[in-house]
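For reference, the structure is listed below as structure tokens.
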Amino acid sequence: MPITRKRAVFAAVFVAHTLGVLSSIDALMSTRTAPGAVAWIVSLSTFPYVTVPAYWVFGRNRFNGYVIGRREDDSLLYRELAQKMSHVGQYAIAPPDAQQQLQVMERLAKLPLLGGNEAELLIDGEAAFASMFAGIDAAERYLLVQFYIVRDDALGRELKRRLEARARAGVKVHFLYDEIGSYRLPRRYVQELRAAGVEVRPFHSTQGSGNRFQLNFRNHRKIIVADGRVGWVGGFNVGDEYLGRDRRIGPWRDTHMKLIGPAVFSLQLSFLEDWHWASGEILDFDWQPATAANGGMPVLMLPSGPADRFETASLMVQHALASARHRAWIASPYFVPDESVLNALKLAALRGVDVRILIPERPDNILTWLAAYAFVGPLLEAGVHIHRYQAGFLHGKTMLIDDGAAAMGTVNLDNRSFRLNFEITAWVLDEGFGRDVAAMFEADFARSREMTLAEVLDQPWWFRAASRAAHLTAPVL
């Protein structure tokens with residue numbers, strides 16, 4: 001080998017291992033879990049040629065630069081919003097006696113539990129989009145619209161048409177989408193919205209020096225706010241498959257919620273924080289809430305994400321399970337929880353709580369489906385009941401704790417939702433609403449089959465090995 005080539009090879013090896021050492025130091029200082037830090041350090045030090053690029057694209061779980069207006073009291077965003085949010089504070093209430101132990105959720109959310117709300121459960125796509133589209137059409141002053149996935153198909157074009165119509169009617173329309181989740185959205189779609197007067201922004205998760213190479217952070221929230229009076233949140237994105245029109249996926253089972261009352265302003269605040277990150281702008285809209293006509297429901301909005309100081313979503317689920325007295329029913333399309341949530345599930349079942357997990361039978365992600373088999377055995381042994389939904393693809397993210405604490409939003413039971421995605425969850429503390437959610441769960445359980453320990457233990461060795469290998473990918477699933 002010529003001397004110049006040897007020098008080039010030596011220089012490349014030296015640079016790769018130097019970057020590996022520097023990346024290992026970053027992993028040591030920033031990775032949230034010890035096993036994760038060890039795994040990255042070993043791989044970065046021994047085989048940096050592949051793992052250094054992988055680390056800077058997928059390895060980090062701290063989002064830099066995002067300002068949380070609810071928390072960063074030295075920020076311009078906080079100062080701008082503090083006075084506006086003070087109007088909402090008059091509706092803050094203490095949790096009902098039966099849910100006093102859930103007050104820690106307020107500390108996680110940095111938002112108060114608000115009274116005077118009305119919540120409507122929206123089951124499946126026809127009901128959810130009929131409600132959302134009616135709310136869009138009725139907006140008179142402004143619309144805040146945010147989705148993780150937006151497709152240029154029949155449903156996506158229907159949303160676009162309605163937003164354009166409201167913008168042309170003089171309504172201020174702000175539309176935010178995640179450019180990674182919506183990577184197939186054509187430029188023409190956005191240009192036509194802007195031509196009609198809609199303010200459009202991608203979330204732009206790669207902006208900022210600390211996030212430049214990151215593709216791992218996503219804004220997974222789905223929010224609509226109309227005139228500050230009515231809001232929608234839940235599991236639906238915008239695409240024909242969410243109405244069951246995709247032949248490959250088949251029927252789509254999802255859950256959304258309509259809210260009227262002061263809690264809508266917590267949704268609005270979450271949107272404004274995201275919009276501020278995406279655009280640098282601080283939007284100025286209505287902050288004078290009014291109670292719903294039939295509103296007696298306490299509602300807490302809990303935003304979470306990789307800019308939080310704590311792993312908010314994981315702590316939320318752990319605390320909900322620890323608070324459960326007799327029931328904890330959870331639906332999630334993706335079930336790859338971290339060790340802390342797995343232990344919380346086991347402990348709840350072992351102390352006699354009726355713990356049921358509802359997940360799809362047919363996956364849209366083979367790795368998450370395989371990974372679940374790596375840990376469901378111990379859960380079943382502890383007394384957790386795992387149901388697999390048979391009547392289509394289950395995508396709803398809901399929880400019911402005891403009789404009067406129901407949650408729905410965007411959080412899946414996986415590492416991505418716990419540590420990498422911007423998410424939001426609405427907690428409704430009302431027994432009437434809880435009965436509606438319980439009835440929804442019962443109907444879903446009737447269309448499901450319950451897993452047995454035998455079906456896990458009787459899998460062939462190659463399947464068990466594949467599930468363990470899939471479980472190793474849990475940090476990026």
Under 3.5 Å, sequence neighbours excluded: what are the donor-acceptor pairs made by side chains of residues 146-153?
unit_1: Gln146; atom_1: NE2; unit_2: Asn219; atom_2: OD1; d: 2.9
unit_1: Gln146; atom_1: NE2; unit_2: Asp274; atom_2: OD2; d: 2.9
unit_1: Arg151; atom_1: NE; unit_2: Glu241; atom_2: OE1; d: 3.3
unit_1: Arg151; atom_1: NE; unit_2: Glu241; atom_2: OE2; d: 2.7
unit_1: Arg151; atom_1: NH2; unit_2: Glu241; atom_2: OE2; d: 3.0
unit_1: Asp152; atom_1: OD1; unit_2: Arg157; atom_2: NH1; d: 3.4
unit_1: Asp152; atom_1: OD2; unit_2: Arg188; atom_2: NH2; d: 2.5
unit_1: Asp153; atom_1: OD1; unit_2: Leu155; atom_2: N; d: 3.3
unit_1: Asp153; atom_1: OD1; unit_2: Gly156; atom_2: N; d: 3.0
unit_1: Asp153; atom_1: OD2; unit_2: Asp240; atom_2: N; d: 2.7

Looking at His395 versus Tyr242, is the centre-to-centre ring distance below 6.0 Å?
-> yes
For Tyr177, what residues pass the ring-ring contact (aromatic ring centres under 6.0 Å, His included) criterion, not counting sequence neighbours?
-> none
Residues 368-378 vs salt bridge (charged side-chain N to carboxylate O under 4.0 Å, His left out), sequence neighbours excluded, gives none
Side-chain contact test, heavy atoms from C-beta onward, threshold under 4.5 Å: evaluate it for Val230 versus Leu259 and give yes or no.
-> no
Output all residues satisfying side chain to side chain contact (heavy atoms under 4.5 Å, CB included) with Ala439, sequence neighbours left out; order by chain, then residue number.
-> none
Side chain to side chain contact (heavy atoms under 4.5 Å, CB included) filter on Ala446, not counting sequence neighbours, yields none
Quick one: are the ring centres of Trp329 and Phe445 less than 6.0 Å apart?
-> yes
Name all residues meeting the salt bridge (Lys or Arg N to Asp or Glu O under 4.0 Å) criterion together with Arg388; count only those two or more places apart in sequence or in a different chain, and write none if there are none.
-> none
Write out all pairs satisfying side-chain hydrogen bond (donor to acceptor under 3.5 Å, both in side chains) with one or both partners inside residues 255-265, taking only residues at least two apart or from two chains.
-> Arg253-Thr255
The ring-ring contact (aromatic ring centres under 6.0 Å, His included) partners of Tyr389 (sequence neighbours excluded) come to none
Which residue pairs pass the salt bridge (charged side-chain N to carboxylate O under 4.0 Å, His left out) test when at least one of the two sits in residues 340-361, sequence neighbours left out?
-> Asp354-Arg356, Glu361-Arg449
Got a sec, which residues hit salt bridge (Lys or Arg N to Asp or Glu O under 4.0 Å) with Arg107, two or more places apart in sequence or on another chain?
-> none
Of Val317, Val411, Val336, the one forming a side chain to side chain contact (heavy atoms under 4.5 Å, CB included) with Ser417 is Val411
Would you confirm whether the ring centroid of Phe335 sits within less than 6.0 angstrom of the ring centroid of Phe375?
-> yes
Can you name the residues that form a salt bridge (Lys or Arg N to Asp or Glu O under 4.0 Å) with Glu423, not counting sequence neighbours?
-> none
Could you pull out all residues at least two apart from Glu199 that satisfy salt bridge (Lys or Arg N to Asp or Glu O under 4.0 Å)?
-> Arg201
About how many Å separate CG of Asp444 and OG1 of Thr398, when rounded to the nearest 0.5 Å?
-> 7.5 Å
